Protein chains: 2
Amino acid sequence: MKKSSTIPADLSARIAGEIRDAIISGRLIVDERLPSEAELANQFKVSRPTVREALKRLAAQSLIRTQRGASGGAFVNRLRFEDAYGQMITTSTLLLSMNEVSFDVACEARFAMERACVPLATARRDAAHLERMRIELDRQAQPDLTDEDFCSSDVAFHRALVDGAGNPALSYQLAGVVEGMLPLMNMITFTARSRENIQQLHGEIFDALVRRDSDSVTNALSELERYTLRLGRQVIVARNKKSD
Amino acid sequence: MKKSSTIPADLSARIAGEIRDAIISGRLIVDERLPSEAELANQFKVSRPTVREALKRLAAQSLIRTQRGASGGAFVNRLRFEDAYGQMITTSTLLLSMNEVSFDVACEARFAMERACVPLATARRDAAHLERMRIELDRQAQPDLTDEDFCSSDVAFHRALVDGAGNPALSYQLAGVVEGMLPLMNMITFTARSRENIQQLHGEIFDALVRRDSDSVTNALSELERYTLRLGRQVIVARNKKSD
DNA sequence: CGCGGATCATTTGTCAGACATTTAACCGGA
DNA sequence: TCCGGTTAAATGTCTGACAAATGATCCGCG
């Protein structure tokens, strides 16, 4: 546990860092109440606004929650997966949309991780997962579905597949991929894609999952990866042509 | 893109949310300068400290950076993988250490994701990756290595394996697993583990990677998973006995 | 005319104090 | 005993001010 010794010129950043370290190292335990803002200001020899800025930084990371009123204050937050999902998705989306990650790289990462869920999902998927997937298959078959709705159904379908693995840590990790990357990939490919192709592959995945046939699910996913990759490249080529 | 319509009683949280939405939706582009704090305070009809709290929230997520002086201000940050690593690791660590994630679940998730990197790593690993792994293998063979150093070498070894896949998006996702979960798992098992066993499996992984033998790497990883799982359960049983 | 240094304006960082709002706990009366 | 008002503590917000950093500007000198 090294301390962050990197000249943090900012007082509020430094204070936030110290409290964060205390939480991570376990010196502050879950649901423990931090000293009041006034006390913290005294302890750190800074003003209350500075302390507040530090606390807001921690609140933005869901490390603490605050409560008003008597016996209120800042409490160490028990971090839940749901809290972390939002941040995960935001970060993944931004990384993809403004970093120099190519479509190919994102596609490869997404399907590699999705395939990692397959063996567990085939073993553990229950009726509820299959039902969720069936509902989305039906939605995707409706011809008057908007592109946006088709995309969100796509997300829900893959989400169900991932959740079928029955491992919350895996679901958390995949949240960034499925709900961050997948929508962006859809935004790129939706002009060129064939819903029929995608539906058919989704159908294969579903059927194989029903049969608990791990290899077939993996193959269908790989097929979907190849198709998505082809679409992405096609769109990018078209763009380059237009910009000539 | 729905707006967050969930009664965020907090002014600074609401303002941070609005700016965040603007960044994610692309209305604010990378390196664009936000209005000064005073202007933002006017626009949102709040005071400057409130605006500052909102900006600190965004800074905590690396969405903006600030600069002092004339022509300074808050700028939309180009999110880099390195910036996101830290948060990813913090979050993974906390999720594991204070949430109700069992050792088994964490172990399963970690190895599932690590195996997902294997096909790519066997295809793309270069001399530098192998060299990094060889160095760590040598370190791990030193009998006078402290437990802490052995653990950090373990992390570096698996890190090299993951990076061998040559996919930054995958490396980013795995950072949370390898640098967050692995150390915690080591903290649990280090009392019971046999370095010889681990070294041997690491050796198998390395050799198979040299031969570009994907299946053997996967098998060795699965073997390591079984061993780790056994250790974890053993430690937990021992704990329960002691607490009787 | 060119250039270097002093000055200035702008912007974030920090502080002090005040008031508003929320909430739990306390206390007194029916 | 229970109910309701009062009170105190804590966060949320505002005002105003000064410090510090930093780029731009201007002036004087060679």
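Below, chains carry the letters A, B, ... as their sequence lines are ordered, and counting in each starts from 1. Since this is a predicted model, take the numbers as computed values, not measurements.
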Report the distance from atom [atom1] of [X] to atom [atom2] of [Y], rounding to the nearest 0.5 Å.
X       : Y       : atom1 : atom2 : result
A:Ile64 : A:Leu79 : CD1   : CG    : 13.0 Å
B:Gln61 : A:Gln61 : CD    : CD    : 7.5 Å
B:Arg14 : B:Phe44 : CZ    : CZ    : 10.5 Å

Please report the distance, rounded to the nearest Å, between [atom1] in [X] and [atom2] in [N].
X       : N      : atom1 : atom2 : result
A:Lys56 : C:dT14 : NZ    : P     : 17 Å
B:Ile64 : C:dT11 : CD1   : P     : 16 Å
A:Glu53 : C:dG13 : CD    : P     : 8 Å
A:Arg52 : C:dC15 : CZ    : C1'   : 15 Å
A:Leu11 : D:dA20 : CG    : C1'   : 12 Å
B:Asp10 : D:dG12 : CG    : C1'   : 7 Å

Please state whether the phosphate of D:dA10, meaning OP1 or OP2, lies under 4.0 angstrom from any side-chain nitrogen or oxygen of A:Thr66.
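Negative; the distance criterion is not met.
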Short side-chain N/O contact to C:dC15 OP1/OP2 from A:Thr50, under 4.0 Å:
yes
Where along residues 33-49 of chain A does a heavy atom come under 4.0 Å from DNA chain C, residue by residue in number order?
A:Lys45, A:Val46, A:Ser47, A:Arg48
Strand contacts (DNA chain C) in residues 69-80 of chain A, 4.0 angstrom heavy-atom criterion:
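Residues of residues 69-80 of chain A under 4.0 Å from DNA chain C: A:Gly69, A:Ala70, A:Ser71.
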According to the ring pair (Phe, Tyr, Trp, His ring centres under 6.0 Å) rule, which pairs have a member within residues 57-107 of chain A, sequence neighbours left out?
A:Phe81-A:Tyr172
Would the base of D:dT22 count as contacting B:Arg68 through its side chain, where contact means a donor and an acceptor less than 3.5 Å apart?
no
Over all atoms of both residues, closest heavy-atom pair of A:Ala109 and B:Ala169:
CB-CB, 3.8 Å
What do the steps show when you test A:Lys56 against A:Glu53 for salt bridge (Lys or Arg N to Asp or Glu O under 4.0 Å), and what is the final call?
CA-CA 5 Å; A:Lys56 294 313 171 198; A:Glu53 287 179 9; over 6 Å; no
Charged N-O contact under 4.0 Å between B:Asp83 and B:Arg78:
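The answer is no: the pair does not qualify as a salt bridge.
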Can A:Asp154 and A:Arg139 be counted as an ion pair, charged N to O under 4.0 angstrom?
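No salt bridge links A:Asp154 with A:Arg139.
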Distance only, no hydrogens: is a donor on one side chain within 3.5 Å (strictly under) of an acceptor on the other, for B:Asn167 and B:Arg124?
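Absent: no donor and acceptor within the cut-off.
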